[in-house]
Amino acid sequence: MIREITDRDFDGLMTLYMQLHDNPFPEKDERVLGIWQEILADRNHHIIVAEEDGRIVSSCVCVIIPNLTRGQRPYAFIENVITDETYRRRGLAKACLDHAREIAKRENCYKMMLLTGSKQQSTLDFYEKAGYNSHDKTAFIQWL
């Protein structure tokens with residue numbers, strides 16, 4: 001099942017995120033739970049998940065960004081694309097990205113963007129097969 005997160009999904013999402021950059025499970029303190037509530041309340045912040053057997057096994061984030069150019073049409077930014085390693089190659093991440101595309105279309109976005117730190121050809125091929133290209137833009141990152 002592909003769906004957006006609910007307030008009950010914190011533990012499942014954080015468990016999946018532990019496989020993303022060796023991310024530790026965060027302490028459920030006031031700061032972290034405040035960020036969680038802020039995300040849940042933000043109509044432009046969408047965390048899409050694939051659920052199998054009652055477990056979150058794939059996810060991506062789609063943030064809709066208001067814009068004053070391109071006819072004031074927003075754009076979408078995709079981040080944190082992850083699939084549990086035991087559930088890969090089943091089309092789950094693609095289904096999450098497809099759901100994000102539907103959100104972006106519904107919100108009248110003129111483009112979707114994503115960045116990946118992966119240099120693995122299989123990952124780059126996956127994103128191209130999902131409809132993204134690396135030819136139109138050049139990305140630069142400044143870590144803070």
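In this structure the side chain of S58 never reaches within 4.5 angstrom of the side chain of E52, judged on heavy atoms. Put simply, the side chain of Y87 does not reach to within 4.5 Å of the side chain of L16, judged on heavy atoms. Side-chain contact between Y75 and R70 is absent, with no heavy atoms from C-beta onward closer than 4.5 Å. A heavy-atom distance below 4.5 Å is not found between the side chains of I5 and F10. In this structure, the side chains of I64 and I103 come closer than 4.5 Å at one or more pairs of heavy atoms. The shortest distance between side-chain heavy atoms of E27 and V32 does not fall below 4.5 Å. Side-chain contact between K94 and L97 is absent, with no heavy atoms from C-beta onward closer than 4.5 Å.
Surrounding CD of Q72 are more than 12 heavy atoms belonging to other residues, nucleotides or ligands, all under 6.0 Å away. For CZ of R89, the number of neighbouring non-hydrogen atoms (other residues, nucleotides, ligands) closer than 6.0 Å is 12 at most. Summarising the local packing, CD of Q120 is surrounded by 12 or fewer heavy atoms from other residues, nucleotides or ligands at distances under 6.0 Å.
In terms of heavy atoms, I78 sits closest to C60 at CG2-CB, 4.4 Å. Heavy atoms only, all atoms of each residue included: D9 and E4 are closest at OD2-O, 4.4 Å. Taking each heavy atom of L92 and I2 in turn, the nearest pair found is O-CD1, 4.4 Å. Taking all atoms of both residues into account, the shortest heavy-atom contact from S134 to E128 is OG-OE2, 4.0 Å. Of all the heavy atoms in T83 and Q19, the pair that sits closest is O-OE1, 4.1 Å. In this structure, C109 and A76 approach most closely via the heavy-atom pair SG-N, 3.9 Å.
Checked by atom type and distance alone, the side chain of N67 pairs as donor or acceptor with a backbone atom of R73 at under 3.5 Å. Formation of a donor-acceptor pair under 3.5 Å by the H21 side chain with backbone atoms of M18 is not found in this model. In terms of modelled atom types and a separation under 3.5 Å, the side chain of E107 and the main chain of P74 share no donor-acceptor contact. Between the side chain of D42 and the backbone N or O of I39 there is no donor-acceptor pair closer than 3.5 Å.
Note that the CG atom of L20 and the CD atom of E79 stand 8.0 Å from one another [nearest 0.5 Å]. Separation of atoms CE (M112) and CZ (R101) is listed at 7.0 Å; rounding is to 0.5 Å. In this structure, the separation between NE2 on H45 and CD1 on I65 is 10.5 Å, given to the nearest 0.5 Å. Taken from CG in L144 to CD in Q142, the straight-line distance is 5.5 Å, to the nearest 0.5 Å. The distance from the OG1 atom of T6 to the CG atom of L13 is 10.5 Å, given to the nearest 0.5 Å.
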Take F126 and T116 through the test side-chain contact (heavy atoms from CB on, under 4.5 Å) and record every step on the way to the result.
-> CA-CA 11 Å; F126 164 75; T116 181; over 6 Å; no
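Salt bridge R55/D84: present, at least one basic N to carboxylate O contact under 4.0 Å.
When hydrophobic clusters are built by joining Ile, Leu, Val, Met, Phe, Trp and Tyr residues whose side-chain heavy atoms come closer than 4.5 Å, directly or via intermediates, M14 is not grouped with V81.
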